[in-house]
K.L.:
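The structure follows.
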Amino acid sequence: MANNEGLLEYNGANWQLYPTPNETIMRSVKSFGDKIYTGFYMGFGYWVKNDFGILEYTSIVKEQNIKMLQDEQIWEIFELDGFMIFKSLERIYLFNLKTNTINTISAERKILKLSIVDGIIYFQENTKGVYRIENGVPKLVSDDTILKENKIVDIFLKDKKLLFLTQEKGFFFLDIDQIKPWKTLSNDFLLDKTIYSANHLKDGSIAIGTISDGLIYISKEGKLNYQVTQALGLSNNTVLSIFEDFDSNIWLGLDNGINTINLTSPFKLYEKKNNFWGTIYASIIFKGYLYLGTNQGLYYRKKDSENDFQFVENTQGQVWNLDEIDNTLFCSHDSGTFIINNNEAQLIKGAEGTWGVKKINETTILQGNYDGLYVLSKEGSSWKLRNKIDGFFNSSKYFMVEEGHKIFVNHEYKGVFKLEVDKDFRKVLKVKKDESVEKGIHSSLMKYHKDIFYSSKKGFLDMMLQKINFNLIPFIAS
């Protein structure tokens with residue numbers, strides 16, 4: 001299993017953790033032959049057992065002298081005809097197992113999904129459509145509006161036709177050159193679900209993993225067989241990956257934990273639970289309501305009430321932060337930044353993947369995103385995306401603004417950067433990496449009065465004084 005901390009090995013009784021070589025999150029795993037291939041932040045390679053049964057790692061990136069792109073991560077791994085295929089959001093790497101050579105395919109936009117169907121590699125390029133790879137070259141399969149505007153979760157072969165499963169619009173066939181919906185009894189049931197993963201099982205049925213509705217099991221005819229959720233025993237309602245083993249057991253990689261389902265068991269419903277909102281990442285009390293930001297979306301209820309939490313429509317997905325700025329509630333989300341007003345969410349369009357927001361002045365807000373820093377401006381009573389700050393492209397989860405147009409950004413895998421920007425916050429004039437701190441996972445930045453502190457497993461560093469204050473605040477490293 002690919003895990004937040006590394007590669008997990010399970011022998012039926014015990015778990016063994018092999019930490020990721022660069023201490024980042026393990027994103028993908030594929031077993032083939034006597035090797036286990038894994039992908040993560042800025043790296044991929046394989047593990048082989050030594051004479052003592054312990055897995056040892058070899059980096060393909062280092063062996064092949066591959067120069068990966070900034071912040072590139074390997075999200076999927078496949079095997080096909082003697083090639084191991086590693087997919088990031090920007091590239092597809094084809095590694096020849098016989099010659100130990102590698103070929104790279106680049107895309108203009110993000111590569112959202114890669115699937116192997118009947119011995120052919122297909123992938124979706126964001127807003128452009130679906131392609132297949134022929135002789136190492138991408139060839140357009142279809143640029144139908146459905147395939148350009150909807151994220152594809154997986155691609156299957158059914159009745160000798162390509163079948164596309166989209167994240168929010170259900171199934172579609174490629175019939176000659178036309179995209180047509182697969183009209184099944186499960187269509188209406190799927191339309192209000194956000195789908196994240198899927199697996200075409202050996203018996204022709206399809207297991208579907210959702211963001212907040214658990215596992216959905218559909219027959220090969222498209223009929224809904226059953227749904228398993230946290231209320232019925234799952235550890236978590238977000239199913240990130242699905243794997244079918246040799247005995248047709250279904251293994252689920254969840255947002256929090258691993259579950260297995262025995263499809264041959266005569267028991268289907270074995271436990272009843274209620275009121276699950278997912279893993280909670282943020283909370284805030286705003287205008288008499290308690291809001292919870294989770295990996296499944298945003299929920300709310302009246303403060304001190306014992307009523308059930310209600311879901312804020314259109315916020316399906318990962319919530320990272322909740323911030324009140326000048327009596328306005330901002331929700332930082334995988335889809336971007338939402339303004340929450342009267343328990344309704346309005347998306348500020350223009351940039352996906354927001355970690356958080358910080359106030360610069362009465363009409364300007366700094367926004368940290370997966371690909372750098374953005375600026376929001378207030379026009380009348382509305383907030384809009386004004387610009388991306390040019391010259392800095394690192395993921396900006398933890399950031400702080402200092403007087404004098406200076407910004408601190410902490411990157412867990414790279415360290416702390418000091419940015420000097422122009423007076424309009426449009427361009428980075430100078431970037432300097434702070435060598436006084438060591439990079440580290442679970443590190444962050446925080447502000448106390450006027451001082452900015454760097455927090456890590458070793459303690460706290462006052463970035464303004466450049467002095468470590470281990471006893472300033474009691475700190476226990478996990």
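The residues of the chain are indexed from 1 along the displayed sequence.
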K.L.:
Just by modelled atom types, is the R426 backbone N or O under 3.5 Å from a matching donor or acceptor in the D424 side chain?
P.N.:
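Side chain of D424 to backbone of R426, a donor-acceptor pair under 3.5 Å: no, none is there.
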K.L.:
Establish, from distance only, whether the side-chain atoms of Q367 and T337 form a donor-acceptor pair under 3.5 Å.
P.N.:
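On atom types as modelled, these side chains qualify, holding a pair under 3.5 Å.
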K.L.:
Has Q227 got a side-chain atom pairing as donor or acceptor with D213's backbone, closer than 3.5 angstrom?
P.N.:
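Between the backbone of D213 and the side chain of Q227 there is a qualifying donor-acceptor contact (under 3.5 Å).
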K.L.:
Mind checking what makes side-chain hydrogen bond (donor to acceptor under 3.5 Å, both in side chains) contact with H200, not counting sequence neighbours?
P.N.:
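Partners of H200 under the side-chain hydrogen bond (donor to acceptor under 3.5 Å, both in side chains) test: none.
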K.L.:
Looking at E435 and K432, is any side-chain nitrogen of the basic one under 4.0 Å from a carboxylate oxygen of the acidic one?
P.N.:
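Salt bridge between K432 and E435, a charged N being under 4.0 Å from a carboxylate O: no.
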K.L.:
Would you say that more than 12 heavy atoms from the other residues, nucleotides or ligands in this model lie under 6.0 Å from the CD of E90, or not?
P.N.:
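Enclosed.
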K.L.:
Does the S396 side chain pair with the main chain of N394, one donor and one acceptor, at a distance under 3.5 Å?
P.N.:
yes
K.L.:
Could you check whether K388 makes a cation-pi contact with Y374, meaning its NZ or CZ is under 6.0 Å from the centre of the six-membered ring and within 45° of the ring axis?
P.N.:
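Relative to the ring axis of Y374, which defines the angle, K388 lies inside both limits.
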K.L.:
Does the side chain of D71 come under 3.5 Å of the side chain of S395 through a donor N or O and an acceptor N or O?
P.N.:
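There is no such pair (donor and acceptor under 3.5 Å, judged by atom type) between the side chains of D71 and S395.
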K.L.:
In terms of relative ring orientation, are F417 and F392 parallel, tilted or perpendicular, with 30° and 60° separating the classes?
P.N.:
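Perpendicular: the ring planes of F417 and F392 meet at over 60°.
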K.L.:
Should the pair Y281 and W320 be assigned to parallel (<30°), tilted (30 to 60°) or perpendicular (>60°) ring geometry?
P.N.:
perpendicular
K.L.:
When you measure from the side chain of D334 to the backbone N and O of E352, does any donor-acceptor pair fall under 3.5 Å?
P.N.:
no
K.L.:
Take L322 and F330 through the test side-chain contact (heavy atoms from CB on, under 4.5 Å) and record every step on the way to the result.
P.N.:
CA-CA 6 Å; L322 295 169; F330 292 82; over 6 Å; no
K.L.:
Relative to each other, are the rings of Y41 and H411 parallel, tilted or perpendicular (30° and 60° limits)?
P.N.:
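Correct class here is tilted.
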K.L.:
Is it the case that the side chains of D144 and S142 hold a donor-acceptor pair, with the cut-off being a distance below 3.5 Å and no angle test?
P.N.:
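On atom types as modelled, these side chains do not qualify, holding no pair under 3.5 Å.
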K.L.:
Between N307 and S305, is there a side-chain donor-acceptor contact under 3.5 Å, judged purely by atom types and distance?
P.N.:
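N307 and S305 do have a side-chain donor-acceptor pair below 3.5 Å.
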K.L.:
Are K128 and E108 close enough for a salt bridge, meaning some N to O gap below 4.0 Å?
P.N.:
yes
K.L.:
Applying ring pair (Phe, Tyr, Trp, His ring centres under 6.0 Å) to W182 and F172, what does each step give before you reach the verdict?
P.N.:
CA-CA 5 Å; W182 183 26; F172 292 88; over 10 Å; no
K.L.:
With Y93, which residues qualify under ring pair (Phe, Tyr, Trp, His ring centres under 6.0 Å), at least two apart?
P.N.:
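Expected list: F44.
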K.L.:
Sort out for me which residue in K110, E149, R109 forms a side chain to side chain contact (heavy atoms under 4.5 Å, CB included) with T127.
P.N.:
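Testing T127 for a side chain to side chain contact (heavy atoms under 4.5 Å, CB included) against K110, E149, R109 leaves exactly one candidate, R109.
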K.L.:
Can you spot which of E76, Q167, Q124 makes a side-chain hydrogen bond (donor to acceptor under 3.5 Å, both in side chains) with K113?
P.N.:
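It is E76; the other options fail the test.
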K.L.:
Do D308 and Q310 pair up side chain to side chain, a donor and an acceptor below 3.5 Å, judged on atom types alone?
P.N.:
no
K.L.:
If only atom types and distance count, is the side chain of H333 paired as donor or acceptor with the main-chain N or O of T315 below 3.5 Å?
P.N.:
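At least one qualifying donor-acceptor pair exists.
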K.L.:
Please tell me whether T229 and N237 have a donor and an acceptor in their side chains that are separated by less than 3.5 angstrom.
P.N.:
no
K.L.:
Tell me whether the count of non-hydrogen atoms from other residues, nucleotides or ligands lying under 6.0 Å of CD in Q64 goes above 12.
P.N.:
yes
K.L.:
Can K418 and D434 be counted as an ion pair, charged N to O under 4.0 angstrom?
P.N.:
yes
K.L.:
Donor-acceptor pair, N369 side chain versus D371 backbone, under 3.5 Å?
P.N.:
no
K.L.:
Backbone N or O of V239 within a donor-acceptor pair of the S197 side chain at under 3.5 Å?
P.N.:
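Yes; at least one donor-acceptor contact below 3.5 Å.
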K.L.:
On the six-membered ring of F189, is K193 placed so that its NZ or CZ lies under 6.0 angstrom from the centre and within 45° of the ring axis?
P.N.:
yes
K.L.:
Where does the angle between the aromatic ring planes of Y300 and Y289 fall among parallel (under 30°), tilted (30 to 60°) and perpendicular (over 60°)?
P.N.:
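Correct class here is perpendicular.
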K.L.:
Check whether N199 reaches the backbone of I242 with its side chain - one donor and one acceptor, N or O, closer than 3.5 Å.
P.N.:
yes
